[in-house]
Structures are given as structure tokens and as C-alpha cells.
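Comments concern the structure below.
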Amino acid sequence: YRDHPYRLNLGGETASVSRLDVGALRRYFGRHCQVGDLVLTVVGDVDPESVAGEVARLLGRPRRRPSPEIAPPQEPNPRSPKAVSRSMERQQAHLVLGFLGTSILRKDRFALEVLATVLSGQGGRLFLHIRDRLGLVYRISAFTMEGIDPGYFAVYAATSPEQVGTLVSEIRAALGRLRNERVPKSELKRAKRFLLGHHDLTLQQRTHLASTLTFNELYGLGYEAHLKYSQSILAVTAEDLVAVARRYLAPRREVLATVLPETSGRKEGG
């Protein structure tokens with residue numbers, strides 16, 4: 001990301017955080033954190049009417065005021081592959097091969113989740129081929145992140161410095177097969193079973209269920225969106241995986257970032 005706020009460090013930078021004061025925080029809170037925009041989720045053995053009454057007593061009647069419009073610049077897709085490199089005090093080489101992805105508001109996100117799971121885990125393609133058979137990595141995984149605006153799809157790996165070139169070629173070949181070949185039924189079934197099991201397991205935690213309900217409502221999906229997750233994952237087909245692989249994982253959209261031991265590469269590169 002070069003333009004979108006996703007590029008920023010969530011913890012802030014020394015210069016930006018040091019400029020904050022009580023007045024700035026109060027002004028921001030007053031503009032962006034209005035009671036009328038609040039979503040409060042309570043999960044557990046409670047009386048809903050009692051909770052609603054207590055919330056109304058504590059917060060009062062919400063006064064609706066126009067909220068400031070937030071319209072961050074949209075990140076354009078790369079027109080050609082990009083590569084950046086940095087040397088640090090590390091024993092291993094670390095790399096991320098990434099692509100701009102989709103948003104939580106598009107159904108493509110379910111196919112991308114399945115695609116990442118086909119690649120990931122001890123039964124996934126990257127682990128079985130690149131780690132077990134070729135022995136090229138210490139760790140490898142694929143993951144996808146969706147936000148209100150398009151997130152990313154990425155592969156992360158840790159390897160020895162001399163293996164970086166071979167490793168990148170193997171990852172690219174694995175992604176190429178996803179663009180050109182349908183995933184067999186057995187792999188598709190494994191990926192779906194893992195996602196559904198993980199989803200159901202995490203929602204057993206009341207804290208996770210509460211946050212899921214809250215954010216789904218805030219993001220415009222509706223607080224009950226989690227009830228449709230299984231249906232959406234099960235509906236993904238092998239043809240869908242080929243389609244999203246071609247759409248989002250095209251070679252021209254690739255960004256490769258590497259961190260190398262100081263004796264193995266440049267201090268900065270691009």
C-alpha cells in the first residue's frame with residue numbers, strides 16, 4: 001500500500017503520537033464516537049430488556065449529528081510486479097509474496113479464504129510440497145485479510161538465504177497451478193472442513209462471538225452474518241477458486257518483500 005491508510009503502523013509513529021494531547025483526543029472523540037453510532041453487543045445469560053433499559057439510563061437518548069465522511073484513497077492495482085528488500089540482523093531469510101485482495105463486502109472473500117486454506121496448514125499444498133518434499137523452508141503459510149476496503153492475499157515463508165530464489169520460484173509455480181487447474185474434490189473438502197470447524201470453535205468463546213456480532217453490524221453485514229458463513233463456504237466451487245486465482249493472483253499484481261541477513265543482501269532495495 002502506497003496511498004491507502006492500511007500502509008500505516010497501527011501503533012503510530014513517534015512523531016505522530018508525540019503530537020497528541022488531551023484536546024486533540026477529545027475533539028476526535030466528539031466528531032467520530034457519537035452515541036448514535038454505537039453498537040453494543042451483550043452475549044450471555046442476561047435479560048435483554050433489563051440490559052436495554054440500563055444502557056438507555058447510562059447513555060441517554062442518542063442525538064444524531066452528521067458524522068464526518070471518511071473516504072480514504074483507493075489503492076490501485078500494480079500494473080507490473082514489484083520487489084522490495086531489506087537487510088537486518090537475522091539468521092534466516094523471511095519473505096512475503098503478496099497481492100491486493102478483496103473486501104468483506106464481496107462474496108469473493110469466501111473463495112479466497114478457501115484458496116488460502118488449500119495452500120496452508122500441515123495438509124496444505126505449500127507445506128506438503130515445499131516444506132516436506134523439498135525441504136526449502138522452516139515455516140510457510142498463506143493467508144488473506146479483508147477489510148471495508150480491499151485487503152490482501154499473501155504467502156509468508158522463512159528459509160535460509162541461499163534458498164530464496166528457488167523458494168520464490170516454487171511459490172510462483174504453486175500459485176500458477178491454482179490459476180490453471182481445478183482443485184481436486186479431496187483438497188476442496190479438506191479446506192472447507194477446516195474453515196467450518198475453526199469458525200464453529202472460535203464462536204464458542206463469548207468474547208469472540210460478541211466481537212463478531214458487533215463488527216458485522218458496524219461493517220454493514222448485519223449482526224447475524226455469521227449464521228450464513230457455513231453456507232457461503234460450502235457454496236464455493238473448484239471453478240470459483242480458479243476464477244479468483246486468476247483475478248487476484250495474477251503475476252503482474254505481485255509484490256515480493258524479503259528480509260535478508262545483513263551479509264546476504266542490500267540495506268534497502270526496490
Side-chain angles (χ1 to χ4, degrees), residues 1-21 23-39 64-86 94-113 115-116 141-156 171-172 175 179 211-212 214-223 225 232 240 243-259 266-270:
Y1 298 96
R2 295 175 179 267
D3 301 313
H4 195 279
Y6 285 164
R7 75 189 188 279
L8 302 175
N9 185 339
L10 289 177
E13 304 291 346
T14 300
S16 61
V17 174
S18 63
R19 290 197 300 266
L20 296 176
D21 56 29
L25 295 177
R26 284 177 172 167
R27 288 191 296 273
Y28 184 89
F29 187 87
R31 288 196 304 269
H32 297 282
C33 303
Q34 302 176 44
V35 173
D37 295 327
L38 175 68
V39 173
R64 294 296 301 177
R65 292 178 294 173
S67 298
E69 182 178 353
I70 300 176
Q74 296 301 296
E75 194 72 30
N77 276 309
R79 296 184 179 181
S80 60
K82 300 181 185 299
V84 294
S85 179
R86 176 175 296 182
H94 301 264
L95 66 88
V96 173
L97 189 70
F99 305 83
L100 283 179
T102 190
S103 79
I104 60 171
L105 303 176
R106 297 193 59 179
K107 67 177 184 178
D108 281 354
R109 70 186 181 101
F110 300 108
L112 283 175
E113 278 192 67
L115 202 65
S141 61
F143 48 94
T144 178
M145 187 284 289
E146 293 81 35
I148 291 291
D149 291 325
Y152 54 80
F153 185 101
V155 175
Y156 161 78
I171 293 173
R172 286 171 175 161
L175 298 180
R179 292 191 296 267
S211 64
T212 296
T214 299
F215 290 119
N216 282 344
E217 183 68 19
L218 282 172
Y219 295 159
L221 299 172
Y223 72 94
S232 298
D240 292 332
V244 295
R246 290 177 177 175
R247 183 176 304 127
Y248 295 100
L249 310 185
R252 69 179 183 280
R253 296 167 52 114
E254 172 193 300
V255 176
L256 173 65
T258 55
V259 175
R266 300 174 294 172
K267 195 70 178 178
E268 291 282 349

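- By the salt bridge (charged side-chain N to carboxylate O under 4.0 Å, His left out) test, Arg246 is found to be paired with no residue, residues two or more places apart in sequence or in another chain being considered.
- In this structure, Arg172 and Leu256 have side chains that are in contact, with non-hydrogen atoms separated by less than 4.5 Å.
- Interatomic distance, CG of Leu115 versus CZ of Phe153, reported as 4.5 Å (0.5 Å rounding).
- Without hydrogens or angle criteria, Tyr152 side chain to Phe143 main chain gives no donor-acceptor distance under 3.5 Å.
- The distance from atom CG of Asn77 to atom CZ of Arg247, rounded to the nearest 0.5 Å, is 11.5 Å.
- The CG atom of Leu112 sits 12.0 Å away from atom CE of Met145, with the distance rounded to the nearest 0.5 Å.
- Environment of OH in Tyr223: sparse, with no more than 12 heavy atoms of neighbouring residues, nucleotides or ligands closer than 6.0 Å.
- No donor-acceptor distance shorter than 3.5 angstrom exists from the side chain of Arg179 to the backbone of Ala245, with no hydrogens or angles considered.
- Between Phe99 and the options Val255, Thr144, Leu175, a side-chain contact (heavy atoms from CB on, under 4.5 Å) holds for only Leu175.
- Environment of CZ in Arg7: crowded, with over 12 heavy atoms of neighbouring residues, nucleotides or ligands closer than 6.0 Å.
- In this structure, Val244 and Thr102 have side chains that are not in contact, with every pair of non-hydrogen atoms separated by 4.5 Å or more.
- To the nearest 0.5 Å, the span separating CD1 on Ile104 from CG on Asn216 amounts to 7.5 Å.
- Contact check for Gln74 versus Pro150: side-chain heavy atoms found under the 4.5 Å cut-off.
- Counting heavy atoms from C-beta outward, Leu105 and Leu221 have side chains that approach closer than 4.5 Å.
- Inter-residue side-chain proximity for Pro5 and Asp149 is flagged as unmet; no heavy-atom pair is nearer than 4.5 Å.
- Qualifying salt bridge (charged side-chain N to carboxylate O under 4.0 Å, His left out) partners for Arg253, counting only residues two or more places apart in sequence or in other chains: none.
- Remark: Thr14 OG1 to Arg19 CZ distance equals 11.0 Å, nearest 0.5 Å.
- Using cut-offs of 30° and 60° on the angle between ring planes, the pair His94 and Tyr156 is parallel.
- Checking side-chain atoms of Tyr6 against main-chain N and O of Glu75 turns up no donor-acceptor pair under 3.5 Å.
- In terms of the ring pair (Phe, Tyr, Trp, His ring centres under 6.0 Å) criterion, residue partners of Phe215 (sequence neighbours excluded) are, by chain and number, Tyr219.
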